[in-house]
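Structure first, then comments.
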Amino acid sequence: MANEKPNYYQQVYDVTRQIPYGKVSTYGAIANFLELGSARMVGWALNKSFSGGDAAVPAHRVVNRKGELSGRIHFPSPTMMQQLLENEGVIIENHTVQNFNQHFWDPTENI
DNA sequence: TCTTTGACGTACA
DNA sequence: GTGTACGCCAAAG
């Protein structure tokens, strides 16, 4: 049988994939947009995306409410997330996104 | 089957 | 302004 995956996982992947280059989003914003009710679900879904690898999900563009790269520890290399963001023009300092408000991308604005 | 943890966020003291 | 506690829902042990 085909893998019956929860829809919300796919939705999280889709929303995360829609994040434009040089932009970042937050777990709370995505959770609120998908009405998951919990930002943790977004993190769980993204965590699975690494193993699942169903789609190239730019999880490095998703940060917490504080703009901190809380998920960097789940990456192959903790510095990889920062390197990717800096490569996109996002300033990272102390594992935190500078000018976060400027780089913040809201899914509701895209939809 | 039950318990604990988990890429967060908000509320209250 | 800072620190602690709780809530959300799901998955792995």
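All chains are named by letter (A, B, ...) in the order of the sequence lines, taking the proteins before the strands, and each is independently numbered beginning at 1. FYI, side chains are in, hydrogens and waters are out, and symmetry mates aren't considered; it's all heavy atoms of this structure. Note that the structure is a prediction, hence the values are computed from the model and not measured.
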Task: Side-chain donor/acceptor of A/W44 to base of C/dA10, under 3.5 Å - done: yes

Task: Length of the NZ-P vector between A/K66 and B/dT10, whole Å - done: 11 Å

- [ ] Measure from CG on A/L69 to P on B/dC8 and round the result to the nearest Å.
- [x] 12 Å

- [ ] When you get a sec, tell me which of C/dA10, C/dC8, B/dC8 is the closest nucleotide to the side chain of A/S38?
- [x] C/dC8

Open item on the list: I'd like to know if A/K23 pairs up with A/E88 as an ion pair, taking the criterion as any Lys NZ or Arg NE/NH1/NH2 lying under 4.0 Å from an Asp or Glu carboxylate oxygen.
Closed with: no

Open item on the list: Let's see if you get this right: which residues in residues 86-94 of chain A place a heavy atom under 4.0 Å from DNA chain B?
Closed with: none

TODO: Looking only at side-chain atoms of A/A39, point me to the closest of B/dG6, B/dG9, C/dA11.
DONE: B/dG9

- [ ] Look at the side chain of A/R40 against the base of B/dG9 and say whether a donor-acceptor pair falls under 3.5 Å; ignore hydrogens and angles.
- [x] no

- [ ] Round to a whole Å and report the spacing from CZ of A/R65 to P of B/dG9.
- [x] 8 Å

Open item on the list: Can you see if the side chain of A/K48 gets near the phosphate of C/dA12 - specifically, an N or O under 4.0 Å from OP1 or OP2?
Closed with: yes

Task: Atom pair distance, as rounded to whole Å: CG in A/N47 and C1' in B/dT5 - done: 12 Å

Open item on the list: If you only use heavy atoms from C-beta on, which nucleotide in B/dA7, B/dT10, C/dA10 is closest to the side chain of A/F50?
Closed with: B/dA7

Task: Selection: residues 17-37 of chain A, any non-hydrogen atom under 4.0 Å of DNA chain B - done: A/Y27, A/G28

Task: Atom pair distance, as rounded to whole Å: CD in A/Q82 and P in B/dA7 - done: 19 Å

TODO: Calculate the interatomic distance between A/M41 atom CE and C/dA11 atom C1'; express it in whole Å.
DONE: 9 Å

Open item on the list: We want to know whether A/Q18 and A/D14 form a side-chain donor-acceptor pair, criterion being a heavy-atom distance below 3.5 angstrom.
Closed with: yes

- [ ] Taking the side chain as every heavy atom from C-beta outward, state whether A/E68 and A/V63 have any pair of such atoms under 4.5 Å apart.
- [x] no

Open item on the list: How many whole angstroms separate atom CG of A/L46 from atom C1' of B/dG6?
Closed with: 13 Å

TODO: Using only heavy-atom distances, determine whether the side chains of A/T108 and A/D106 contain a donor-acceptor pair under 3.5 Å.
DONE: yes

Open item on the list: For a quick test of reading the model, state the closest non-hydrogen atom pair linking A/L46 to A/Y27 and the distance between them.
Closed with: CD1-CE2, 4.0 Å

- [ ] Indicate whether OP1 or OP2 belonging to C/dA11 is found under 4.0 Å from a side-chain N or O atom of A/Y8.
- [x] yes

- [ ] Go through B/dC8, C/dA11, B/dA7 for me and flag the one nearest to the A/N64 side chain.
- [x] B/dC8

- [ ] Please report the shortest heavy-atom distance between A/V15 and A/P107, naming the atom on each side.
- [x] CG1-CB, 3.9 Å

Open item on the list: Taking the P atom in each of C/dC6 and B/dT4, what is the distance between them to the nearest angstrom?
Closed with: 15 Å

Task: Nearest non-hydrogen partners of A/F100 and A/R65, listed with the distance - done: CE2-O, 4.0 Å

Task: Options B/dC8, C/dA10, B/dA7, nucleotide nearest the side-chain atoms of A/S49 - done: B/dA7

Task: Interatomic distance, A/Q82 atom CD to A/M80 atom CE [nearest 0.5 angstrom] - done: 12.5 Å

Open item on the list: If I compare all heavy atoms of A/H103 with all of A/Q98, which pair ends up nearest, and what's the gap?
Closed with: CD2-O, 3.6 Å

Task: For A/L69 against A/M81, the heavy-atom pair lying closest together - done: CD2-CG, 3.7 Å

